[in-house]
Amino acid sequence: MSGDLGLFIAQLFRKPHQVVALAPSSRALSAEMAATLDPSGGPVIELGAGTGRITRAILDRGIPADQVHSVEMNPDFCDKLRTDFPGLNVYRMSAGDVGALEVTGAQAVVSGLPLLSMPFDLQNAILRGSFAQVGAAGSYIQFTYGPKPPVKAEIREAMGLTWTTSRKVWGNLPPARVYRFTCPGA
Ligand SMILES: C[S@@+](CC[C@H](N)C(=O)[O-])C[C@H]1O[C@@H](n2cnc3c(N)ncnc32)[C@H](O)[C@@H]1O
């Protein structure tokens, strides 16, 4: 992961509205994001992969690289992901189009996106597209720094989302919590 922090900070200054974080996710937060993934449970879709901290944790959890589908809109981050993780499927596109990905049987969407700062229509497209991929048995996993669920209340209610939350991960800047959403009606 050499150059990880430098690249992240450079992109934070160039595209602050897309990166929206003080630093890449820590090892502890990344491990919590991947903790419930099943190594033999099928493909995983990652949104907003950035420099690949959470990608690394997904692979360390035992998901084969060719079953990880990482979506990232920043071209420099995409280049780094392709270099650092041979065999990984990297898509340079908006997470709003996640529903169009050709992935069969995904078990989860793991999101490092700045979801809370996104407009309603984009957040709605991300959640609906994600559950079109994972169905009722799958989950949408998202960290947040704040005290409230990271999905807008209107979307949670309209989709009938349920969720669990992790303990607070103090070893991250800033401390964060992981939400695991399911959509029984998907
Ligand atoms: C807070 S950073 C997280 C990076 C990394 N996952 C981590 O946890 O360290 C947010 C990432 O989401 C990407 N991003 C923001 N909006 C996006 C969108 N609409 N589609 C795809 N990626 C997006 C940014 O380029 C950035 O890499």
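Note that ligands are numbered from 1 as they come in the structure, with each ligand's atoms numbered from 1 the same way.
Between Val178 and Gln142, every side-chain heavy-atom pair lies at or beyond the 4.5 Å cut-off. You'll find the side chain of Leu37 reaches within 4.5 Å of the side chain of Ile58, heavy atoms only.
Looking at residues two or more places apart in sequence or on another chain, you find a ring-ring contact (aromatic ring centres under 6.0 Å, His included) between Phe143 and Tyr145.
In this structure, Arg156 CZ and Leu161 CG are separated by 8.5 Å, a value rounded to the nearest 0.5 Å. Atom CD of residue Glu154 and atom CZ of residue Phe120 lie 5.5 Å apart, to the nearest 0.5 angstrom. With rounding to the nearest 0.5 Å, the separation of CZ in Arg82 from CD in Glu72 is 10.5 Å.
Listed by chain and number, Gln18, Val19, Ala21, Pro24, Ser25, Gly48, Ala49, Gly50, Ile54, Glu72, Met73, Asn74, Phe77, Met93, Ser94, Ala95, Gly112, Leu113, Pro114, Met118, Phe143 each place a non-hydrogen atom less than 4.0 angstrom from ligand 1.
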